[in-house]
Asks: 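My questions all concern the structure below.
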Amino acid sequence: MENESFVVTIRSDESSTSVEVSVGTKAFELFKERSEVIAARIDGELRDLSHLLTGGEVIEPITISSRDGLNILRHSTAHVLAQAVQELFPAAKLGIGPPIEDGFYYDFDVETPFVPEDLEKLETKMRQIIKRNQRFSRRVVADEDAYGQFKNEPYKMELIGLKGSSSQVGEGADMEVGGSELTVYDNIERDGSVAWYDLCRGPHLPTTNRIPAFKLMRTAAAYWRGDQHNKQLQRVYGTAWPTKEELATHLDRIEQAELRDHRRLGRELDLYSFPDEIGSGLAIFHPKGGVIKRVMEDYVRQRHIEEGFLYVGTPHVTKEELFHTSGHLPYYSETMFPPMEFEGSKYRVKPMNCPMHNLIYKSRARSYRELPLRFFEFGSIYRNEKSGVIHGLTRVRGMTQDDSHSYVTPEQAGEEVTHLLNFVLSLLSDFGLNDYYLEMSTRDDSKKDKFIGTDEDWRTAESVLAKIAEDSGLTLVADPGGAAFYGPKISVQARDAIGRTWQMSTIQYDFNQPARFGLEYQAADGTRKQPVMIHSAKFGSIERFMGVLVEHYAGAFPPWLAPVQVQGIPVADRHVDYLYEIARTLTKSGIRIEIDESDDRMQKKIRNAQLAKVPYMMIVGDQDIEANAVSIRYRDGRQENSIPIAEAISMIQRAIDAREQV
RNA sequence: GCCCGGGUAGCUCAGUGGCAGAGCAGCUCACUCGUAAUGAGCAGGUCAGGGGUUCAAAUCCCCUCUCGGGCUCCA
């Protein structure tokens, strides 16, 4: 055997070195000393460490903790799960099993859906497979051979047939057939026998015992290839991490996230509830939630007026003919509550406010001199959201939109959209939300029956919005097919503090309703022209926005939003009157103070105020009274003693006015 | 809407066919206290609702409502 050699380049973030290796060298031999390296990017392609080098390659090590490395770890763990499922449930058919954010899933077609106890059995089996230390071994197969080897796996057969048209395959499935050639990964036992194999693009960990820490999280059903007309498969979600500590940290993060769930905090802080007696997806606001809601509304109403909006009011129900005019029937009827028969007419609760605002516009002749004409209200709307999607305050059936409609000339449209976007962003910032991105929702050209209007009008509308969205400099995500039936939209997707995103503010460009309602204005040249209307909700819905705020602040609101701003705590009964005296002054300035005159001990009162997440505890005892002062304790345990009364009040007032967090 | 899992006191939960339970919250009484739970007592339930099996059902079966997780949907 010749001892021929050649040169390859190893590149890492900062450096690049050439090494001479002998023919037949595999990638892992370059990283023998580095157990954290689990794969390699070779000439730009992710490869297994068993990849055979032929000379001249540029090789980047992939560590298990890198983004690619985590995906590989999780994808390999998904394979181990699938193997475990088929060992325990031999009749199970394989779906797909991709890595996802923080974990992975694998879909299976099984006769009986998995139950929670199955997860424990599967975890035990997976640990055995990991211990057996099987090798992940890649091989390329021809289509014909693949059909033979997967003849008992109908879903894999379907994917093989779809190879190369990955856009049609469905989310996640490119892990199976995303490459240019079909590959199979064999799981090979230490005795050389093949324990299991799966259609897969790879790459994978070298062996199963390179999975340091994993956990199966939950089961769920999922439609095959994401289409509700297809069969539902049983999905198992899991997570995997480079170390046991990171797994523990991840599980702890999830626990922390549950503590700030707005449904839980709503109950604990007595903000709102969802009584069965009223119906699913319909919230009631308790006094403390009512304070937050009112402060939000007062503030946003004031800001609208400052921005040139005219406050209007419209009813909750209307004869349904109005929605034929607007196009909601039939385009939107599935999402509307069914009609009520009344005095020979069918009435509907409104799912949107725009038709009503159009009637205000139409109530008299309009001149170009009035435009932009901006109507705004808190419109209570009702939508028949499917039962399975209702979720606390963030997905409800009855909500209030801070809804506006700007009627503009086509020439003014761009400027008005810019104005609205800036307005929206300033409001988000006032509420302390700064983690969001924009989404641009356009028409799906293949589903024209879901949208009204001409191609040309849609092109115009989409280009106006797209330009402004791009000019904003914010992250912009495309959402093809997500437009309203009457026009495209820009929306703000805000992240709550635990990373979930919600559609909040929307700005929609609508050329359809002005035409359907016959809206017009008299132009400077005396002709009658059709306005464009721009729909916009700044919070989106007050309910959803409040839900996101509760989670963002974990219930510890900045003083201007806090239901109780100051909790008065007397050290003993004899200090109560002094507190009430101070409370009179605070109440006069509009500061919300409550005094705890229960016969709890002072320590208990502090605990209660702490659990209620009140921003200022005003504690008063003999020493404070003597000094004509108060002591202020904050939620983080910080305390300032003996602050003169006037100074304490102005300090609190300043924080409220500045909308600061304390 | 679909799949799975839940629903026991205001809240969090125990209770696998044989008398309905605990902690917290609530109420009463005592204590008047300087930084995250004072003590004692009392009250609180159509075990989601309806139907069935059984001598006997919170417990087993069926239907409905509802909540949770996920999928689909999401102006």
Side-chain angles (χ1 to χ4, degrees), chain A residues 105 107 110 112-118 171 217-237 258 261 263-264 267-268 270 273-281 326-328 331-332 334-336 350-354 381 383-392 394-396 399 401 403 441 450 479 481-487 489 491 502-503 506 508 510 535 537 540-541 544 569-576 597-612 617 619-624 631-635 637-639 641:
Chain A
Y105 66 79
D107 289 343
V110 284
T112 318
F114 299 121
V115 294
E117 298 81 68
D118 291 334
E171 196 184 340
M217 303 301 286
R218 67 176 76 90
T219 59
Y223 298 104
W224 169 239
R225 293 176 62 201
D227 184 335
Q228 64 174 325
H229 303 296
N230 288 341
K231 184 166 184 181
Q232 280 196 335
L233 307 184
Q234 292 301 310
R235 176 170 296 180
V236 178
Y237 282 95
E258 281 166 3
D261 187 310
R263 294 164 298 182
R264 177 191 178 118
R267 205 169 34 240
E268 289 174 355
D270 196 14
S273 58
F274 307 88
D276 288 356
E277 294 89 328
I278 294 180
S280 184
S326 67
H328 287 86
Y331 286 94
Y332 200 70
E334 270 185 23
T335 315
M336 293 173 65
K350 63 179 173 181
M352 292 185 192
N353 304 300
C354 31
I381 60 174
R383 295 178 181 182
N384 177 21
E385 300 290 351
K386 288 196 218 160
S387 61
V389 305
I390 309 282
H391 182 97
T394 48
R395 193 78 183 269
V396 290
M399 68 186 114
Q401 281 184 335
D403 201 6
S441 300
K450 285 182 72 182
D479 173 33
F485 69 85
Y486 49 74
K489 74 177 170 197
S491 62
W502 297 96
Q503 179 177 303
T506 59
Q508 297 170 305
D510 184 1
H535 309 235
S541 88
R544 175 176 289 181
I569 298 179
V571 170
D573 270 359
R574 62 179 179 278
H575 308 121
V576 168
E597 51 175 326
S598 69
D599 52 9
D600 285 332
R601 292 172 70 217
M602 174 218 180
Q603 285 89 332
K604 181 65 178 293
K605 293 180 182 182
I606 288 174
R607 176 181 157 83
N608 286 342
Q610 194 83 45
L611 293 175
M617 287 177 226
I619 299 173
V620 162
D622 291 336
Q623 293 156 28
D624 301 289
S631 298
I632 299 287
R633 181 186 158 112
Y634 297 88
R635 288 175 289 212
R638 237 162 65 235
Q639 178 157 332
N641 289 319

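We name chains A, B, ... by the order of the sequence lines, and we start the count at 1 in each one.
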Asks: Classify the side chain of A:Q232 and the base of B:C2 as holding, or not holding, a donor-acceptor pair under 3.5 Å.
Replies: yes
Asks: What is the base-pairing partner of B:G5, counting Watson-Crick and G-U wobble geometry with both distances under 3.5 Å?
Replies: B:C67
Asks: Considering heavy-atom distances to RNA chain B, does A:D227 or A:D599 have its closest nucleotide positioned more toward the 5' end?
Replies: A:D599
Asks: Go through the structure and list residues passing salt bridge (Lys or Arg N to Asp or Glu O under 4.0 Å) with A:R218, not counting sequence neighbours.
Replies: none
Asks: Restricting to salt bridge (Lys or Arg N to Asp or Glu O under 4.0 Å), what partner residues turn up for A:D622, sequence neighbours left out?
Replies: A:R574
Asks: When you compare the protein's N or O atoms with those of nucleotides 12-14 of chain B, which come within less than 3.5 Å of each other, and at what distance?
Replies:
from  : atom 1 : to     : atom 2 : distance (Å)
B:U12 : OP1    : A:R267 : NE     : 3.4
B:U12 : OP1    : A:R267 : NH2    : 3.1

Asks: Base, sugar-phosphate or nothing for A:M399? Non-hydrogen atoms, less than 4.0 Å.
Replies: base
Asks: Should the side chain of A:R235 and the base of B:C3 be counted as holding a donor-acceptor pair, with the cut-off at 3.5 Å?
Replies: no
Asks: How would you label the contact of A:K605 with the nucleic acid (heavy atoms, under 4.0 Å): base, sugar-phosphate, or nothing?
Replies: nothing
Asks: Can you tabulate the close N/O pairs, meaning under 3.5 Å, that link protein atoms to atoms of nucleotides 61-64 of chain B?
Replies:
none

Asks: Apply side chain to side chain donor-acceptor pair (under 3.5 Å) to A:S541 and list each qualifying residue two or more places apart in sequence or on a separate chain.
Replies: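 Here no residue qualifies.
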Asks: Between B:G69, B:G1, B:A36, which one does the side chain of A:K386 approach most closely?
Replies: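 Per side-chain heavy atoms of A:K386, the pick is B:G1.
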Asks: With a 4.0 Å cut-off on heavy atoms, is A:R601 in touch with a base, just the backbone sugar-phosphate, or nothing at all?
Replies: base
Asks: Which base sits across from B:A14 as a Watson-Crick or G-U pair, both distances under 3.5 Å?
Replies: none
Asks: Just jot down the salt bridge (Lys or Arg N to Asp or Glu O under 4.0 Å) partners of A:R395, sequence neighbours excluded, or say none.
Replies: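 Partners of A:R395 under the salt bridge (Lys or Arg N to Asp or Glu O under 4.0 Å) test: A:E385.
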Asks: Would you say A:K231 places a side-chain N or O within less than 4.0 Å of OP1 or OP2 belonging to B:C71?
Replies: no
Asks: Report yes or no: is there a donor-acceptor pair, N or O only, under 3.5 Å between the side chain of A:Y223 and the base of B:G1?
Replies: yes
Asks: Quick test: give all pairs of protein nitrogen or oxygen and nucleotides 65-67 of chain B nitrogen or oxygen below 3.5 Å, distance rounded to 0.1 Å.
Replies:
from  : atom 1 : to     : atom 2 : distance (Å)
B:U66 : O2'    : A:D276 : OD1    : 3.4
B:C67 : OP1    : A:S280 : OG     : 3.0
B:C67 : OP2    : A:S280 : OG     : 3.2

Asks: Please work out if A:S631 contacts a base, only the sugar-phosphate, or nothing of the nucleic acid, heavy-atom cut-off 4.0 Å.
Replies: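 A:S631: base contact, heavy atoms under 4.0 Å.
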Asks: Would you please confirm or rule out a distance under 4.0 Å between OP1 or OP2 of B:G69 and any side-chain N or O of A:R218?
Replies: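 The answer is no; no side-chain N or O of A:R218 sits under 4.0 Å from OP1 or OP2.
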Asks: Looking at B:C74, does its base get a donor-acceptor pair with the side chain of A:R544 below 3.5 Å?
Replies: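 It does not, because no donor-acceptor pair links the side chain of A:R544 to the base of B:C74 below 3.5 Å.
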Asks: Consider the side chain of A:P116, meaning its heavy atoms from C-beta on, and name the nucleotide among B:G5, B:C33, B:C71 that approaches it most closely.
Replies: B:G5
Asks: Under 4.0 Å from OP1 or OP2 of B:U32: is there any side-chain N or O of A:H575 that close?
Replies: no
Asks: Mind checking what makes side chain to side chain donor-acceptor pair (under 3.5 Å) contact with A:Q639, not counting sequence neighbours?
Replies: A:N641
Asks: Using only modelled atom types and a 3.5 angstrom limit, is any donor from either the side chain of A:D622 or the base of B:G34 paired with an acceptor on the other?
Replies: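 Side chain to base: no pair below 3.5 Å.
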Asks: Can you list the residues that meet the salt bridge (Lys or Arg N to Asp or Glu O under 4.0 Å) rule with A:R633, with sequence neighbours excluded?
Replies: none
Asks: Nearest to the side chain of A:A221 - B:A37, B:C3, B:G34?
Replies: B:C3
Asks: Looking at residues at least two apart in the chain, or sitting in another chain, which of them share a side chain to side chain donor-acceptor pair (under 3.5 Å) with A:S598?
Replies: A:D596, A:D600
Asks: OP1, OP2 of B:C33 versus side-chain N and O of A:R574: anything below 4.0 Å?
Replies: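 It does, given that an N or O in the side chain of A:R574 lies less than 4.0 Å from OP1 or OP2 of B:C33.
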Asks: Rounded to the nearest angstrom, tell me the gap between atom CD in A:Q610 and atom C1' in B:A37.
Replies: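 Atom CD in A:Q610 sits about 13 Å away from atom C1' in B:A37.
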Asks: With sequence neighbours excluded, tell me which residues meet side chain to side chain donor-acceptor pair (under 3.5 Å) with A:Q508.
Replies: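 Here the qualifying residues are A:Y486.
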Asks: Taking the six-membered ring for Trp, are A:F485 and A:Y331 parallel (under 30°), tilted (30 to 60°) or perpendicular (over 60°)?
Replies: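 Parallel.
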Asks: Consider the side chain of A:A222, meaning its heavy atoms from C-beta on, and name the nucleotide among B:C71, B:U32, B:G34 that approaches it most closely.
Replies: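 Shortest atom-to-atom distance from the side chain points to B:C71.
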Asks: Choosing from B:C71, B:G70, B:C4, which nucleotide comes nearest the side chain of A:P113?
Replies: B:C4
Asks: Strictly under 3.5 Å: I want the nitrogen or oxygen pairs between protein and nucleotides 24-27 of chain B, one per line.
Replies:
from  : atom 1 : to     : atom 2 : distance (Å)
B:A25 : OP1    : A:K604 : NZ     : 2.6

Asks: Counting only Watson-Crick or G-U wobble pairs whose two distances fall under 3.5 Å, which nucleotide matches B:A40?
Replies: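 The base-pairing partner of B:A40, which may sit in any strand shown, is B:U28.
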Asks: Is there a side-chain polar atom (N or O) of A:Y237 under 4.0 Å from OP1 or OP2 of B:C71?
Replies: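 Yes.
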